[in-house]
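Chain naming here is simple, since letters A, B, ... match the order of the sequence lines and numbering starts at 1 in each.
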Amino acid sequence: MFLINCPYCGQRDQSEFSAGGEAHIVRPKQPTELSDDQWAEYLFMRKNIKGVQFERWNHTHGCRKWFNMVRDTSNDKIHAIYKMGEKPPIK
Amino acid sequence: MSKNLRITNSKFIDQTSRISFKFDGKTLYGFKGDTLASALLANDIHLVGRSFKYHRPRGIMACGPEEPNAIVQVGSDASMTEPNTRATEIELYEGLEASSQNCWPSVNFDIGAVNNFFSPLIPAAFYYKTFMWPANFWKLYEYFIRKSAGLGKSPTEPDKDIYDHRYLHCDVLVVGGGISGIMAAKTAAKNNFNTLLIDDKNILGGTTLFQENECFKINNSYSSEWLKKEIETLKSLKNLTIKIRTSLAAYHNYNYLLARENLTDHLNINEKKDKIRQRLWKIRAKKVIISTGAMERPLIFNNNDRPGIMLSSSIKKYIDYYGVKCGQRISLFTNNDSAYEAAISLNNSGVIVNSVVDIRDKTNSLIVKQAEMLGIKIHWKSSVVNTSGYKKINSIEIMKLSDDGTAVVGKKIKEKCDCLGISGGWTPRVHLFTQSGGKLKFRDKDNVFLPNKSELDQISVGSCNGDFELDEVINNTVDSINKFLKVNNNDYENLEIISSKEINKKNIWLLPSDKPLGKTKPFLDFQNDSTANDIKLALREGFKSIEHVKRYTTTGMATDQGKLSNMHALGIIAETAGVKMGELGTTTFRPPYTPLTFGTIVGRNVGEFFDIIRKTPMHDWHVENKAEFENVGQWKRAWYYPINNENMHEAVQRESKAARDSAGILDASTLGKIDIQGSDASEFLNRVYTNAWSKLEIGKCRYGLMLNEDGMVYDDGVTTRLSENHYLMTTTTGGAANVLSKLEDYLQTEWPELDVYLTSVTDHYGTVSICGPNSKKILSKIIPDLDLSDKEFPHMSFKNTLIDNTKCRVMRISFTGEHSYEINIQASYAKSVWEKCYEAGKEFNITPYGTETMHLLRAEKGFIIAGQDTDGTMTPVDLQMDWIISKKKYDFIGKRSLYRSDTIREDRKQLVGLLTEDPKEVLEEGAQIVSETNKQPIEMLGHVTSSYFSPNLNKSIALAVIKNGKKLKGQKMFVPMKNKTINVTVTDTVFLDKENKRLNA
Amino acid sequence: MKNKYSIFSLIKNAFSYHENWQRAWRDPEPKKEYDAIIIGGGGHGLATAFYLAKKHNITNIAVIEKGWIGGGNTGRNTTIIRSNYLWDASAGLYDHALKIWEGLSQELNYNIMFSQRGVMNLAHNLQDVRDLKRRTHANRLNGIDAVWLNTEEVKEFCPIINTSPYIRYPVLGGTLQRRAGTARHDAVAWGYARGASAMGVDIIQNCEVKGIKKNGDRVEGIETTKGFIKTKKIGVVAAGHSSVIANMVDLKLPLESKPLQALVSEPVKPIIDTVVMSNAVHAYVSQSDKGELVIGAGTDAYVSYTQRGSHDVVEGTLKAILELYPIFSRMKMLRQWGGIVDICPDASPIISKTHIKGLYFNCGWGTGGFKATPGSGDLFAHTIANDEPHKLNADFNINRFVSGDLVDEHGAAAVAH
Amino acid sequence: MLNFNSPIIDTKEYSEIKISEVEPILKINLRGKNRNFITKIGKELSIITPVDPNTSSSNEKLNLLWLSPDEWFLYSNDKIGLKDFYLLEDRLFNEISKVKLGSVTNVSDHWIMIHLNGKKVYELLSAGCPFNFNNFKNSKGAVTQTLLNHIDVIIHNKNTNDLNLFVRRSFSAHLWSWLNDSARFI
């Protein structure tokens, strides 16, 4: 069980949160302009990185806010947490 | 018992309180403070079980969680019996019953022992190589294999005991209350850390607690005396919590640890009642100090598994702590100094010590000198090559070792004994450290794996960190703890420590024998019966990695998880394959450290608390009116209301008819309700639903369909425009939570520019739905001043009104096709409104109906239920609901997916109606539909999604999805059942009132 | 095979204290070039190599394994084998596998202990009943031996299940596939390895793939920790690590890798002699030949390659186990572990060519790959050998995520993806 | 008159724990993002809007709890007549929602309030709640939203050993039963 530092509520147990997959996949502003391939890329294709990955989490059972997390998927270490719309603090 | 094996001066056993217990049906006696193992040994019982594969007699070997042999069945009650319990960890209590496992008819005479005779035929993994002929006989072979496998017996009745959970947050957790743990806990607590110290025994102090040897002294007193004083000082520390009988089960990431506290297992039957048996502590510690000590290793030589062969440190504990002599003529066999501690203790207690067989060349450490001074005989540079005695050891054979240690030479000496203590050195308990993700390093000088790198805020101290000698333990613990906690504790400065130092070290993983290896049985894993030969066989067959060898030979996979066998397995592999131990690596230690009862893991989440039960405000009314309930997610919904022994079908037919003929009343409170406010509310709805919302008038309701981004139908419901920027959305019962969180997700992450706020009001409102031709009359009785005319209050509109001064919202919407109203009122008054409607409706024979009738009524009208008629593969077009997709809107969730090459196919599966040729025949939901019955392979075109006998149409109706269904209307199809084929015709989805006249009836 | 296994060979070898057994598979150094390379020495990869050699006569193959063969999900699963899938495509695929399982011990001359003790799937709510009946009907018409059981029949088939109507989610019935069952997972990897090796396949362990070399739009070979190896065909069967390999050639796959946990109890005498799965109450259990209860837990909802999951998942599973089998409360968890499963959005696998010539992927098996092992290997071998899918895996192409023609099997797995 | 029905209405006492349902009080959910919204609610309710996470502010009649950066929860200490309540609700709605400052939603019956007091209440909560109460228990007015026995709850620490717990109505009977079951073993 991770200990997650919600950017609003502070440190909480993982059970209060839910994961939302890879971050920074922006929903296309003009989906109708996209080819089937491009749309599939948005819908389904994921980097699924082993290592440092940027992802979305939601404090479901707390403030219900979404935020971003930088986590190493090879050891589950959380490197950084930042609010939606903010730039990642690390590359 | 005839023999008196109990000495009288033990400080830890209360010899004034005698306890009676039963083992294998025989009544025996022990004392308060005994474990089952110590009490059995005191009764001269060594033989307690049979081994897994060869059914060889096995005796008690250790005194703690690493015990491989003495695992017994506790209790005989069908609900309370417990298999595979280690006798070394069972505290004796009055009335304890235990029995041997894996033997029949008895542990003394076990038929299965014939396996030992066949043992040459059944080496490691033999089963992969045989039982393949004839092919269909495996079932039979397997039956016998299974029967002979397994150890204890599962209970056959539900457990009566109670378990629970507790969360605990602390600054410092110290695991293990031996000397280093006590020093660590004291230091932490004194320096204002909120500290928790846990130990799996019933008393703190570890092995130092009973160390009364001249070679180990602190400030001129026995180390045990010094430690007892330290333990005393713990009591005054405010920041310290101590939990005994609490063993750490698992160490997870982020310093999340699970510990099991045993609360009643040591109590007698009467005292156990109405108490929590075991509690699982879920600990979140800022810092963790592991001080779990070390385990003694056995030695691997021919026939090293006989009852009476025990770890030397255990023999020492039995005599020094429990006051029990494990034998009367004891021999010891060692490669290090620790066996001498046992020898001295035994000697001091008047037990005859035959000799110590030591594989090393002569050494003259303090403790060895002491033993020699006491006149204890030592066979230097020698090895035990064989043992005798079937049910208990009676002699050993000793030979000299060659200079290189690979062979034995010279004359064989036979020595009679009734117990053999063995010591192969020490293994630090690094299990928790590795469970936490820490990496190990290998120390060559004494062949141990030690904690190396960890990502977590934790440290290991004492012998689990490789410090085996008293002065090392104390000095290194002090230094490490000070550094780790960033404190400067000087309590332990200037201690005067005497500690015997081990000078000479030597290790031979597999001791040589005078016989060829194939003729010997040097056991590694005592419980799973794997020998050094098995390891060598695996290597010979190309199983190189430790994980392969482990799995091929099953070494280390028994209930002790290889606590005693893993190191030797690695050693023999390394030696045989010519690899360095450090490079070979270890297998992963997986949680739990010791087996953990399912009940403890589950805690109170059983029975009533297995899962949440959600109830509507009218729930009690439904119960009083004998409703049967359906589980819908976590909700209990009224399913149907049988009267006078009606079955479900009869009740549903009656309810359905009543709803259409006169009036029905339904509890619709479980639907999800989301309050939407904000200046962009209309735009928001445009983006989440497939249809357009901007032009919906205030006071009007509209049905909406929500898709996933993949274009498939996700949820549906009616949304009402309450005012300019204020809507009330309803969702399906099951979808409520997911829809809200999905909408919040879009608002927060994709469309933060929208000024929209969502608030769940699902539980705030109770919803009473009344339908049928008389619903209007009933409502007018309840809210007389509300104008219910079609002009003022048409279908798909809503009114704010009051019932007895309480605000409520009445929607005129319909899921049945009947004229109907939904009254939404704050939940506290909903039951009262329901009762009022029921009273008012009595003159119209108002009939409460449940979900089943609701499903039937909507099916008559061809309305879908998301999740029943859709399965995540249906688009709105597939549902023949093209009308609900706005052509004008540029985008909405899922729109793009509707135009992919597969989703625009015209011959996708589409929702249609089905009528059976025989109107009485009701199709089975889930039945498949075909167009030809004699084609092979048969092509399934679709399946029945909803099916009912309609009392209002007096015929069977069904909804189905069929490939290219839109174009198949009027066509004959077949539903092939197991014993018959049903003829059906494809129809429109609306069976009743196609013109929607009843809505305004 | 030089060293045929049988009771006679055991007796013969007993006389020489089992000192003359030969290696189960060779342990060669990699050659400079192979006709085909399989990345991933799990059950699926080894089976692929085996069938490439046996059925397609391509024997100059290497199986490249980062760790030790069968050490990934092959050795970490709960060994359930069944084919009662909903959609025709899936039923075809899994039943193809099941038919091979039925003769696999003999085909490999290695007892993989395929035990057809039946698999029962329970229904706990009305939608479960509809879904399972739908599956049962589809199975029957697809020639798969699934039958619907009512609650009493469920109880009769497995008496220790709590079928009381008063539990939170009562058992409303279930489906039973009698041909389904379990097999010994390690033996599957070892048996295929032994068989493949005997036909000339090189099994290279402790060799990590570091890169894939391309020339234009086709593959040329792989960079490994044991050097460069040339080849024109690469079959990737890396399960949880599929994306890691795909990322080497900038190929994005519709996969997420998540921890899936399982656990065993201490061994006890036979108490449950079938496999029972429950979707709604979220538990599945069987008993191994050794006597351990083998219990599958769920996946965590986040991507992780740690082979460790949250304790909550284990707790949730055991809670469900005790709801259905309250007699197991005093049984003890002996060991828990995790694997990394690669999950597709439609809960169906990919056995497919890619847009890169000579590069093939077999992945996305999620929580249910073990049961498909022989079929998956056979069909993947066909796809690699012919550069064309077999008709049984044609629907499991990567392109389905573009067209939208998914094979949605969410209902079929006892674990909610 | 319509009858008022609560799912619980009960008080139970255990050693150093007292659990009781408190009804019926006013509960309003307030959401808004900008400064004007924050000043407006402060003005309308004569209360300081708490902007620090996990805090609350109270006056004689009302408590305003921070739930998230754009969400607050208002509840009254005492029972309040429907008429007075409607007046307040309408006023807030008109002053905030109508003028597009944010949202005002009546959630009086969405939440059930359970009052817990006694020395062992935090121990009781720790039987099913992963939240760390070590600092929380001594901080007056602290607020947390978390899980208790897998159920979403809002906990308002009115004072040490004296707190109000809010649970959604449909879950309340179940949580009540769990609280009582657990309290037996504290």
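Under a cut-off of 6.0 angstrom, the local environment of NZ in B:K53 is crowded, with over 12 non-hydrogen atoms contributed by other residues, nucleotides or ligands. Atom NZ of B:K129 sits in a crowded spot, with more than 12 heavy atoms from other residues, nucleotides or ligands closer than 6.0 Å.
Only the side chain of C:I295 comes within less than 4.5 Å of a heavy atom of chain B; its backbone N, CA, C and O stay farther away. Of the two parts of C:E292, only the side chain, counted from C-beta on, holds a non-hydrogen atom closer than 4.5 Å to a non-hydrogen atom of chain B. For chain B, the nearby parts of C:E266 are the backbone and the side chain; heavy atoms of each come within less than 4.5 Å. For C:F114, the part lying near chain B is the backbone, with the side chain staying farther off; criterion is any non-hydrogen pair under 4.5 Å. With a threshold of 4.5 angstrom between heavy atoms, B:H548 approaches chain C through its backbone and through its side chain. For C:R184, the part sitting under 4.5 Å from any heavy atom of chain B is the side chain, from C-beta outward, and nothing else. Neither the backbone nor the side chain of B:D534 comes within contact range of chain C; no heavy atoms are under 4.5 Å apart. Only the side chain of C:L263 comes within less than 4.5 Å of a heavy atom of chain B; its backbone N, CA, C and O stay farther away. With a 4.5 angstrom heavy-atom cutoff, C:N142 touches chain B via backbone and side-chain atoms both. Using a 4.5 Å cut-off between heavy atoms, C:I271 touches chain B through its side chain atoms alone. Looking at B:E924, the atoms closer than 4.5 Å to chain C (heavy atoms on both sides) all sit in the side chain, from C-beta outward. Looking at B:N533, neither its backbone nor its side chain comes within 4.5 Å of chain C, counting heavy atoms on both sides. Contact annotation for B:L537: only side-chain heavy atoms (C-beta onward) come within less than 4.5 Å of a heavy atom of chain C. The part of B:L280 that comes within reach of chain C is its side chain, from C-beta onward, which places non-hydrogen atoms under 4.5 angstrom from that chain. Contacts of C:W87 with chain B are made by side-chain atoms alone, with heavy-atom separations under 4.5 Å and no backbone atom involved. Heavy atoms closer than 4.5 Å to chain C are found nowhere in B:I546, neither backbone nor side chain. Residue B:Y552 touches chain C through both its backbone and its side chain, counting heavy-atom pairs closer than 4.5 Å. Only the backbone of B:A558 comes within contact range of chain C, judged by heavy atoms closer than 4.5 Å. Proximity to chain B (any heavy atom under 4.5 Å) is shown, for C:E102, by neither the backbone nor the side chain. Contacts of B:T873 with chain C are made by side-chain atoms alone, with heavy-atom separations under 4.5 Å and no backbone atom involved. Looking at C:L293, only its side chain comes within 4.5 Å of chain B, counting heavy atoms on both sides. In this structure, chain B has heavy atoms under 4.5 Å from both the backbone and the side chain of C:D289. Using a 4.5 Å cut-off between heavy atoms, C:R140 contacts chain B through its side chain alone, with no backbone atom that close. Looking at C:S288, the atoms closer than 4.5 Å to chain B (heavy atoms on both sides) all sit in the backbone: N, CA, C or O. Proximity to chain C (any heavy atom under 4.5 Å) is shown, for B:T600, by neither the backbone nor the side chain.
For the pair C:K290 and B:F52, the cation-pi criterion (under 6.0 Å, within 45° of the ring axis) is fulfilled. Taking the ring centre of C:Y5 as origin, the terminal cationic atom of C:R194 falls inside the region bounded by 6.0 Å and 45° from the ring axis.
Heavy-atom pairs under 4.5 Å with chain B peak, among C:F15, C:Y169, C:W25, C:F8, at C:Y169. Top candidate by heavy-atom pairs under 4.5 Å with chain C, chosen from B:E630, B:K282, B:R277, is B:R277. Chosen from C:S310, C:A138, C:G291, the residue pairing most often with chain B at heavy-atom distances under 4.5 Å is C:A138. For the set C:Q307, C:Q116, C:R26, C:R117, the entry with the most heavy-atom pairs within less than 4.5 Å of chain B is C:R117. Ranked by heavy-atom pairs under 4.5 Å with chain B, the first of C:N162, C:L141, C:N125, C:I160 is C:L141. Note on B:P83, B:S148, B:G711, B:G437: by heavy-atom pairs under 4.5 Å with chain C, the leading option is B:P83. Ranked by heavy-atom pairs shorter than 4.5 Å toward chain B, the options C:G75, C:S16, C:G70 are led by C:G75. By number of non-hydrogen pairs under 4.5 angstrom with chain B, the leading residue of C:P345, C:S329, C:A14 is C:S329. Of all the listed residues (B:G867, B:G603, B:A125, B:S897), the one sharing the greatest number of non-hydrogen pairs under 4.5 Å with chain C is B:G867. Ranked by heavy-atom pairs under 4.5 Å with chain C, the list B:Q73, B:K139, B:K147, B:K519 is led by B:K519. Most heavy-atom pairs under 4.5 Å with chain C: of the set B:V606, B:L258, B:T903, this distinction falls to B:L258. In terms of non-hydrogen atom pairs under 4.5 Å with chain C, the most contact-rich of B:V930, B:I122, B:D871 is B:D871.
Residues B:P592 and B:Q435 share a closest heavy-atom pair of C-NE2, 4.0 Å. The two residues B:E142 and C:S115 come nearest to each other via the heavy atoms OE1-OG, 2.7 Å.
Salt-bridge annotation for B:R146 and C:D273: absent, with no side-chain N of the basic residue lying under 4.0 Å from a carboxylate O of the acidic one. A salt bridge between C:D131 and C:R134 is absent, with no side-chain N of the basic residue lying under 4.0 Å from a carboxylate O of the acidic one. A salt bridge does not link C:D405 to B:R900: none of the charged side-chain nitrogens sits closer than 4.0 Å to a carboxylate oxygen.
Note that CG of C:D128 and CG of C:L172 are 7.5 Å apart. Values are rounded to the nearest 0.5 Å. Remark: C:N206 CG to C:I69 CD1 distance equals 11.0 Å, nearest 0.5 Å. Rounded to the nearest 0.5 Å, atoms CZ (B:R908) and CG (B:D902) are 5.5 Å apart. Going from atom CD of B:E82 over to atom CG of B:D159 covers 8.5 Å, rounded to the nearest 0.5 Å. Atom NE2 of B:H943 is separated from atom CD of B:Q928 by 7.0 Å, given to the nearest 0.5 angstrom. If you take OG on B:S154 and NZ on C:K269, they are separated by 13.0 Å, rounding to the nearest 0.5 Å.
Under the 3.5 Å distance criterion, with hydrogens and angles disregarded, no donor-acceptor pair is assigned to the side chains of C:Q205 and C:W68.
Ring-centre distance between B:Y143 and B:W138: not below the 6.0 Å cut-off. Taking the six-membered ring wherever Trp is involved, the centroid distance between the rings of B:F598 and C:F328 does not fall below 6.0 Å.
Checking side-chain atoms of B:E925 against main-chain N and O of B:S947 turns up a donor-acceptor pair under 3.5 Å.
Between B:H165 and B:R604, every side-chain heavy-atom pair lies at or beyond the 4.5 Å cut-off.
Under the 30°/60° scheme for interplanar angles, the aromatic rings of B:Y141 and B:F131 are found to be tilted.
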